[in-house]
There are 2 protein chains.
Amino acid sequence: MKLNNTSQYAIRIVAYIVQNGSKNKYNAKDISKKLSIPYKYLTKIMSLLVEGNIILSSRGREGGYNIAKELSEIKIGDILEAVKESLHQEECVLGNHLCNKMEKCILHDKWLFTKNSMQEMFKNTTLDDFIAKGVQR
Amino acid sequence: MKLNNTSQYAIRIVAYIVQNGSKNKYNAKDISKKLSIPYKYLTKIMSLLVEGNIILSSRGREGGYNIAKELSEIKIGDILEAVKESLHQEECVLGNHLCNKMEKCILHDKWLFTKNSMQEMFKNTTLDDFIAKGVQR
DNA sequence: TCTAATGACTACCTTAATGTAGTCATTGAA
DNA sequence: TTCAATGACTACATTAAGGTAGTCATTAGA
């Protein structure tokens with residue numbers, strides 16, 4: 001029961017940037033080293049974050065990545081969405097195919113409750129929360 | 001963000017048995033058909049449930065599976081444990097390696113809160129809850 | 001005692017997620 | 001204007017989860 005690897009990396013990447021100065025620019029090689037994420041895998045994830053409007057990139061010499069918006073505008077949920085982590089409500093704990101409007105799978109209500117609270121957490125946690133609290137990593 | 005396939009199947013299998021009479025015996029072929037779980041995959045999962053003391057099996061002609069204990073003694077959490085779904089508290093949302101006693105990853109506290117509530121739900125939900133509520137599937 | 005019906009075991013195959021390699025496109029600075 | 005440093009793109013390789021096949025072991029009943 002956890003986020004997949006790609007999502008974990010994505011959150012760590014964005015957090016790293018936020019915590020080391022969101023105004024600065026970061027290149028892939030450095031991020032890769034600092035966070036021990038395989039270089040090529042990292043650039044793949046960065047592209048997803050760029051596509052998802054979390055990160056801006058500039059190519060060429062002196063290029064790199066930086067944050068696309070104000071910290072208060074970026075939610076953890078946005079990051080997860082950018083890397084396609086499935087968080088959708090309609091997905092049931094026992095698989096979609098069992099649940100519909102008429103019938104519920106056995107765990108439906110209980111699961112939905114905890115799942116909703118998790119989604120709320122992701123939706124409501126913005127990047128400036130980390131800065132504000134001075135969290136280390 | 002969901003339980004893996006094996007866990008989903010395991011819960012559905014046990015629920016099926018409970019809802020169709022926990023005193024009866026069920027053979028693999030029937031369960032496989034009724035729940036649309038591939039036969040061989042099913043027997044693999046059944047072995048895990050037997051090993052985990054959720055289910056009893058008897059071999060040979062007229063053999064089959066039945067529930068090992070009283071319904072009130074079996075928790076959803078036990079089923080998940082039997083099939084090795086990882087629910088352990090020490091596993092952090094951003095991977096184990098970042099969190100230790102001294103330092104916490106950025107999402108640690110928030111994640112832990114929702115995760116705990118999920119674990120509580122799994123721990124506190126026993127099979128007789130389903131019977132009591134007359135849930136369909 | 002035989003045998004058909006059952007679950008157990010082992011090894012393999014398939015698929016999707018994870019990770020790697022190579023090359024192309026862009027751009028600032030010498 | 002060249003070129004080195006960068007990110008983007010495409011294709012492939014590896015790994016782990018999901019799923020299948022074949023055979024063995026057990027047992028109730030004819």
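Atom set for the values below is all heavy atoms of this structure, side chains included, hydrogens, waters and symmetry mates excluded. Numbered from 1 within each chain, the chains take letters A, B, ... in sequence-line order.
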Chemist: Does A:R61 or A:Y39 map to a spot on DNA chain C nearer the 5' end, using the closest nucleotide for each?
Modeler: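 Result: A:Y39.
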Chemist: Quick one: A:Y41 OH to C:dT18 C1', roughly how many Å, whole number?
Modeler: 5 Å
Chemist: Round to the nearest Å and state the distance from A:Q8 atom CD to C:dT18 atom P.
Modeler: 9 Å
Chemist: Are the side chain of A:T125 and the backbone of A:F122 linked by a donor-acceptor contact shorter than 3.5 Å?
Modeler: no
Chemist: Rounded to whole angstroms, how far apart are NZ on A:K44 and C1' on C:dA16?
Modeler: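 Interatomic distance, NZ of A:K44 to C1' of C:dA16: 12 Å.
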Chemist: Counting N and O atoms only, with roles assigned by atom type, does the side chain of A:N116 sit under 3.5 Å from a partner on the main chain of A:F113, one being a donor and the other an acceptor?
Modeler: no
Chemist: Tell me, please, the opening and closing nucleotides of DNA chain D, 5' to 3', among those with an atom under 4.0 angstrom from a non-hydrogen atom of chain B.
Modeler: D:dG18 to D:dA28
Chemist: Judged by modelled atom types alone, do B:Y41 and B:T6 share a side-chain donor-acceptor pair under 3.5 Å?
Modeler: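 Their side chains do contain a donor-acceptor pair, which is all the 3.5 Å distance test asks for.
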Chemist: Within this structure, what is the CG-to-P distance between B:N27 and C:dA4, rounded to whole angstrom?
Modeler: 18 Å
Chemist: Stem ranges for DNA chain D, with three or more consecutive Watson-Crick or G-U pairs under 3.5 Å?
Modeler: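 Correct response: C:1-30 with D:1-30.
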Chemist: To the nearest Å, how far apart are B:Y26 OH and C:dT6 C1'?
Modeler: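 Distance, rounded to whole Å: 17 Å.
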Chemist: Round to the nearest Å and state the distance from A:I37 atom CD1 to C:dT20 atom C1'.
Modeler: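 My rounded result for the distance is 15 Å.
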Chemist: Hey, is the main chain of B:I31 close enough, under 3.5 Å, to the side chain of B:Y65 for a donor-acceptor pair?
Modeler: no
Chemist: Please state how far atom NZ in A:K40 lies from atom C1' in C:dA21, giving the value in whole angstrom units.
Modeler: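 That distance rounds to 6 Å.
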Chemist: Grab the OH-C1' distance between A:Y65 and C:dT26 for me, whole Å please.
Modeler: 13 Å
Chemist: Closer than 4.0 angstrom, basic N to acidic O: yes or no for B:E51 and B:K84?
Modeler: yes
Chemist: Crowded around A:K33 NZ? As in, over 12 foreign heavy atoms under 6.0 Å?
Modeler: no
